[in-house]
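Below is one structure; the comments refer to it alone.
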Amino acid sequence: MKIATWNINGVRARIENLVAWLKESNPDIVCLQEIKCQDDAFPRLEIEALGYHVETHGQKGFNGVAILSKLKPDEVMRRLPGDEADEHARFMEAAFSVEGGAIRVASIYLPNGNPSNDPVKYPYKIGWMGRLEAYARERLALEEPLILAGDYNVIPEPHDCWDPKVWENDALFLPATRQAFRKIEHLGFTDAVRATTDGVPTYTFWDYQAGAWQKNWGIRIDHLMLSPEAADRLTSTVIEKHVRAWEKPSDHVPVAAYFSF
DNA sequence: ATGGCCGCGATCCGCGGA
């Protein structure tokens, strides 16, 4: 099974790329982030025509996540628990039946948090990460394959960006951000790309500005975090970097993991 | 690391993104 995550940066602006990529990549499950539309505006017909079920959790103008899947999900949960007042559409989870039991996949769009000295935005990010940790801890007790896939807006290590100096004071790389990420990791989750890559992996995001793609000024912020039961079945990962060179690209590229279920 | 981007939704500018 191939499970992918892709911050698509506007699904309506990117529908041609999405269709072309689905045909080429042929993933079984796709977690999308930043669909930037409400549920009824999602271009579902084009996706369903390729044989995918479509589940969305959108909002007007920005944020929004979706899960596309060849299998029909048994259940879908929208919203990250822990704050009823949080209106941002940044989280959904779907459960699927596979041979041997259930697997769970979450599509995560973790808050950016910049500017990092903002009295609201950065604390929102850190608070959201605490809620994610609480949810992840609870889910681990199920002892099921669980894949937390998405745009974490976290650069885990210095070698996950082209120049750590540049990112020093950025919300994506501050010590408190990386610490909150490690707290989740240390519950028992495996960073799928890190676990399957010898040496330095490539990046998953290149800014639109200043020729960042051409200069390879990238960062690795899109991650698939695996519960032990999922990590046991991990066979390989791929960062589908060539998609960044397509016409009208997203600034993120798809990242996928292969499993033996 | 921003002179040089991009999507969106309100209108031909502001916000959010990373």
Side-chain angles (χ1 to χ4, degrees), chain A residues 5-19 21 31-43 46 56-66 86-91 107-129 149-178 180-181 201-223 239 241 243-255:
Chain A
T5 178
W6 190 13
N7 179 323
I8 195 150
N9 189 22
V11 70
R12 289 173 295 175
R14 213 77 60 207
I15 185 61
E16 285 182 30
N17 282 25
L18 179 57
V19 166
W21 173 72
C31 297
L32 295 178
Q33 300 86 37
E34 282 206 270
I35 62 171
K36 293 189 176 180
C37 66
Q38 287 171 315
D39 294 333
D40 57 10
F42 191 96
E46 293 90 326
T56 62
H57 178 40
Q59 73 179 91
K60 199 178 182 123
F62 60 111
N63 300 328
V65 290
D86 184 1
E87 297 294 337
H88 288 198
R90 297 180 173 277
F91 177 94
S107 183
I108 287 167
Y109 179 43
L110 208 145
N112 175 304
N114 278 310
S116 57
N117 60 0
D118 188 282
V120 175
K121 293 187 173 178
Y122 192 66
Y124 173 62
K125 176 178 191 144
I126 295 298
W128 205 95
M129 293 181 84
D151 176 0
Y152 279 72
N153 274 314
V154 174
I155 300 167
E157 300 295 336
H159 53 268
D160 291 317
C161 60
W162 64 279
D163 183 359
K165 267 274 168 235
V166 165
W167 295 92
E168 197 162 61
N169 297 311
D170 194 283
L172 278 62
F173 192 58
L174 282 179
T177 303
R178 295 168 57 200
F181 182 78
T202 183
Y203 307 128
T204 66
F205 168 91
W206 294 261
D207 201 293
Y208 288 121
Q209 295 180 75
W213 166 245
Q214 286 76 13
K215 295 173 190 159
N216 199 28
W217 288 356
I219 52 179
R220 191 176 75 91
I221 55 175
D222 299 274
H223 309 299
I239 298 176
K241 180 179 172 176
V243 172
R244 186 62 177 78
W246 287 0
E247 284 286 308
K248 221 169 169 283
S250 168
D251 39 10
H252 297 250
V253 297
V255 183

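Every value quoted in this text rests on a predicted model; they were computed, and no experiment measured them.
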**Side chain of A/F205 (C-beta onward), nearest among B/dA18, B/dG9, B/dT2** = B/dA18

**Prompt:** Which of the following nucleotides, B/dG7, B/dA18, B/dG17, is nearest to the side chain of A/N63?
**Reply:** B/dG17

**Prompt:** With rounding to whole Å, what would you report as the distance between B/dA10 and B/dG16 at their C1' atoms?
**Reply:** 14 Å

**Fill in**
If pairing means Watson-Crick or G-U wobble with both distances under 3.5 Å, then the partner of B/dG17 is B/dC5

**Message:** Would you say that more than 12 heavy atoms from the other residues, nucleotides or ligands in this model lie under 6.0 Å from the CD of A/E16, or not?
**Reply:** no

**Request:** Please figure out whether A/I221 or A/C37 has its closest DNA chain B nucleotide nearer the 5' end.
**Result:** A/C37

**Asked** Tell me: CG of A/D118 to P of B/dA18, nearest whole Å?
**Response** 15 Å

**Prompt:** According to a strict under-4.0 Å criterion, is A/H252 in side-chain N/O contact with OP1 or OP2 of B/dG17?
**Reply:** no

**Request:** Measure the distance from CD on A/Q214 to C1' on B/dC5 and round it to the nearest whole Å.
**Result:** 12 Å

**Request:** Using atom NZ of A/K215 as one end and atom P of B/dG3 as the other, report the distance to the nearest whole Å.
**Result:** 11 Å

**Prompt:** Side chains of A/N112 and A/K121: does their closest heavy-atom pair fall under 4.5 Å?
**Reply:** no

**Request:** Compare side-chain N and O positions of A/K248 against OP1 and OP2 of B/dG7 and report whether any pair is under 4.0 Å apart.
**Result:** yes

**Request:** Take atom P in B/dA1 and the same atom in B/dC15, then report the distance between them in whole Å.
**Result:** 26 Å

**Asked** Roughly how many Å is it from CG in A/D151 to P in B/dG7, rounded to a whole number?
**Response** 17 Å

**Prompt:** Of A/T5, A/N7, A/D151, which meets side-chain hydrogen bond (donor to acceptor under 3.5 Å, both in side chains) against A/Q33?
**Reply:** A/T5

**Asked** Taking only side-chain nitrogens and oxygens of A/N7, does any of them come within less than 4.0 Å of OP1 or OP2 of B/dG17?
**Response** no

**Residue met sooner reading DNA chain B from 5', once A/N114 and A/V11 are mapped to nucleotides** = A/V11

**Request:** Take atom P in B/dA18 and the same atom in B/dC12, then report the distance between them in whole Å.
**Result:** 26 Å

**Prompt:** For A/R90 and B/dG16, is the shortest distance between a side-chain N/O and OP1 or OP2 below 4.0 Å?
**Reply:** no

**Request:** Taking all heavy atoms of A/R14 and all of A/I8, pick out the closest pair and write down the distance.
**Result:** NE-O, 3.0 Å

**Asked** To the nearest angstrom, how far is A/L110 atom CG from B/dG17 atom C1'?
**Response** 14 Å

**Request:** Look at the rings of A/W217 and A/W162 and say which category their plane angle falls in: under 30° parallel, 30 to 60° tilted, over 60° perpendicular.
**Result:** parallel

**Prompt:** Expressed in whole Å, how much space separates the C1' atoms belonging to B/dT11 and B/dT2?
**Reply:** 26 Å

**Message:** Pairing check on B/dC12: which nucleotide meets the Watson-Crick or G-U wobble criteria with it, both distances under 3.5 Å?
**Reply:** none

**Request:** Could you tell me the separation between the CZ atom of A/F173 and the C1' atom of B/dA18, rounded to a whole number of Å?
**Result:** 14 Å

**Request:** Evaluate side-chain contact (heavy atoms from CB on, under 4.5 Å) for A/Y124 paired with A/H88, printing each intermediate quantity in order.
**Result:** CA-CA 11 Å; A/Y124 173 62; A/H88 288 198; 3.4 Å; yes

**Fill in**
Considering only heavy side-chain atoms of A/K121, the closest of B/dC6, B/dA1, B/dG16 is B/dG16

**Below 4.0 Å: OP1/OP2 of B/dA18 and any side-chain N or O of A/Y109** = yes

**Fill in**
A/Q59 atom CD is separated from B/dG16 atom C1', nearest whole Å, by 11 Å

**Message:** With a cut-off of less than 4.0 Å, is there a side-chain N or O of A/N112 near OP1 or OP2 of B/dG17?
**Reply:** no

**Request:** Ignoring backbone atoms, test whether A/R12 places a side-chain nitrogen or oxygen under 4.0 Å from the OP1 or OP2 oxygen of B/dG7.
**Result:** no

**Request:** Would you indicate which nucleotide in B/dC8, B/dA18, B/dC6 comes nearest to any side-chain atom of A/W167?
**Result:** B/dA18

**Prompt:** Out of B/dT2, B/dG9, B/dC6, which has the shortest distance to the side chain of A/A210?
**Reply:** B/dT2

